[in-house]
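Proteins get letters first, then strands, A, B, ... in listed order; numbering begins at 1 in each.
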Protein chains: 2
Amino acid sequence: MDTVAITEKMKAKGLRITPQRFSVYANLLSRCDHPTVEEILGDLNQEFSMSSKATVYSTLSALKDVGLVREVLLEDGVSRFDANVMKHHHFRCRQCGSIEDLAWEVFHPPLTNLLRPGLEVEAYEATLHGLCDRCQ
Amino acid sequence: MDTVAITEKMKAKGLRITPQRFSVYANLLSRCDHPTVEEILGDLNQEFSMSSKATVYSTLSALKDVGLVREVLLEDGVSRFDANVMKHHHFRCRQCGSIEDLAWEVFHPPLTNLLRPGLEVEAYEATLHGLCDRCQ
DNA sequence: CTTTGTGCAAACGATTTGCAGGATG
DNA sequence: CATCCTGCAAATCGTTTGCACAAAG
């Protein structure tokens, strides 16, 4: 996705554009893993100081509020972020901890008639655990 | 489950029995929600001081190591614990935050042929989100 | 009596907050 | 030029750790 498209996407959600915000979102869009705040910040500050930790937190929070990114909480006590906001599931390697997205079709919809009456299901998602190819 | 059965279950796993350990596990077995350390500790210290936070953490860690309890990490950054170690899924009410167990049969197994080759799936579980009856 | 658990307080790491100055629309 | 973002440091919150004392087997 090019610079203009990214900017437009943010503007369309009513976000004020700043170099920090732009680069956080651009970084997230360019990755296929699910980075932590530290990892994003490391990328942004690689060549020159671009942003601070507090700003990355606040930017991710703003992006999350308007639905451009999703927060992913898996087995470690760390927030991870994902610019893929389509419905999908996750796979997590128990060895290296890497996370990847899985097609939504991997699971059939839940059999809601097996739930106790009274529960109103609005969404769901699954996490698969195992070993990735690199760790086998 | 009675006192003797609980004690035997812990002994069978090689755990040394103490009043603190016993009451943490007994508390967890008697609940159907998925309490945090704070909630368990609050219960134990209701009438008189029974345990400390560090001990509850260490007990839960020991119980987890021998497979008598499971740690559940859901949408908030807090560890929750579950004495139900059978395979099951979870439902979380987005209003009140309550969590309940769902039957394993609610989902068919994943269609692993849709995954990219190289991933070795060992386990999985799903979380459903919605409104419980009390919150509708 | 040896091993292991307990409880306190201090340490820790991720995240949030307060606030003065600066950039955006 | 009014709004609201940035960045620093301090505050917060859940969890872990170190250690002296006590309890379990």
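Between A/Ser51 and D/dG7 there is a side-chain N or O to OP1 or OP2 distance below 4.0 Å. For A/Gln20 and D/dG7, the shortest distance from a side-chain N or O to OP1 or OP2 is below 4.0 Å.
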Could you go through residues 58-68 of chain A and list every donor-acceptor pair under 3.5 Å that involves a side-chain atom there, pairing it with any protein atom two or more places apart or in another chain?
residue	atom	partner	partner atom	Å
A/Thr59	OG1	A/Thr55	O	2.9
A/Lys64	NZ	A/Glu71	OE1	2.4

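Among residues at least two apart or in separate chains, ring-ring contact (aromatic ring centres under 6.0 Å, His included) pairs with a member in residues 23-71 of chain A are A/His34-A/His90. For residues 115-136 of chain A, every residue pair satisfying the ring-ring contact (aromatic ring centres under 6.0 Å, His included) rule, not counting sequence neighbours, is listed here: A/Trp104-A/Tyr124, A/Tyr124-B/Phe107.
Protein atom OH of B/Tyr57 is 17 Å distant from nucleotide atom P of C/dA9, rounded to whole Å. Atom pair B/Leu60:CG and C/dG7:P shows a separation of 14 Å (rounding to whole Å applied). The interatomic distance linking A/Met10 (CE) with D/dC5 (P) rounds to 11 Å, in whole Å. Nucleotide C/dG5 holds its C1' atom 19 Å from the OH atom of B/Tyr25, rounded to whole Å. B/Lys53 places its NZ atom 8 Å from the C1' atom of D/dG14, with the value rounded to the nearest Å.
The side chain of A/Thr59 lies closest to D/dT6, out of D/dG7, C/dA14, D/dT6.
Contact check of residues 30-50 of chain A against DNA chain D (heavy atom, cut-off under 4.0 Å) returns A/Met50.
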What string of B, S and - do you get for nucleotides 18-25 of chain D 5' to 3' if you count protein non-hydrogen atoms under 4.0 Å? -----BBS
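Here the CG atom belonging to B/Asp82 is positioned 10.0 Å from the SG atom belonging to B/Cys32, to the nearest 0.5 angstrom.
By the rule that hydrophobic residues join a cluster once side-chain heavy atoms approach within less than 4.5 Å of another member, A/Leu73 and A/Val69 end up as members of separate clusters.
At least one side-chain heavy atom of B/Val4 sits less than 4.5 Å from a side-chain heavy atom of B/Glu8. Counting heavy atoms from C-beta on, the side chains of A/Leu102 and A/His88 never come closer than 4.5 Å. Residues A/Arg80 and A/Asp33 are not in side-chain contact: their nearest non-hydrogen atoms beyond the backbone lie 4.5 Å or more apart. Looking at A/Thr127 and B/Glu125, their side chains come closer than 4.5 Å, going by heavy atoms from C-beta outward.
Stem regions for DNA chain D, each three or more consecutive Watson-Crick or G-U pairs with both distances under 3.5 Å and listed by first number, read C:1-25 with D:1-25.
More than 12 heavy atoms of other shown residues, nucleotides or ligands fall within 6.0 angstrom of atom CD in B/Glu122.
Shown here for B/His89 and B/Ala126, the closest heavy-atom pair between the two residues is ND1-N, 3.0 Å.
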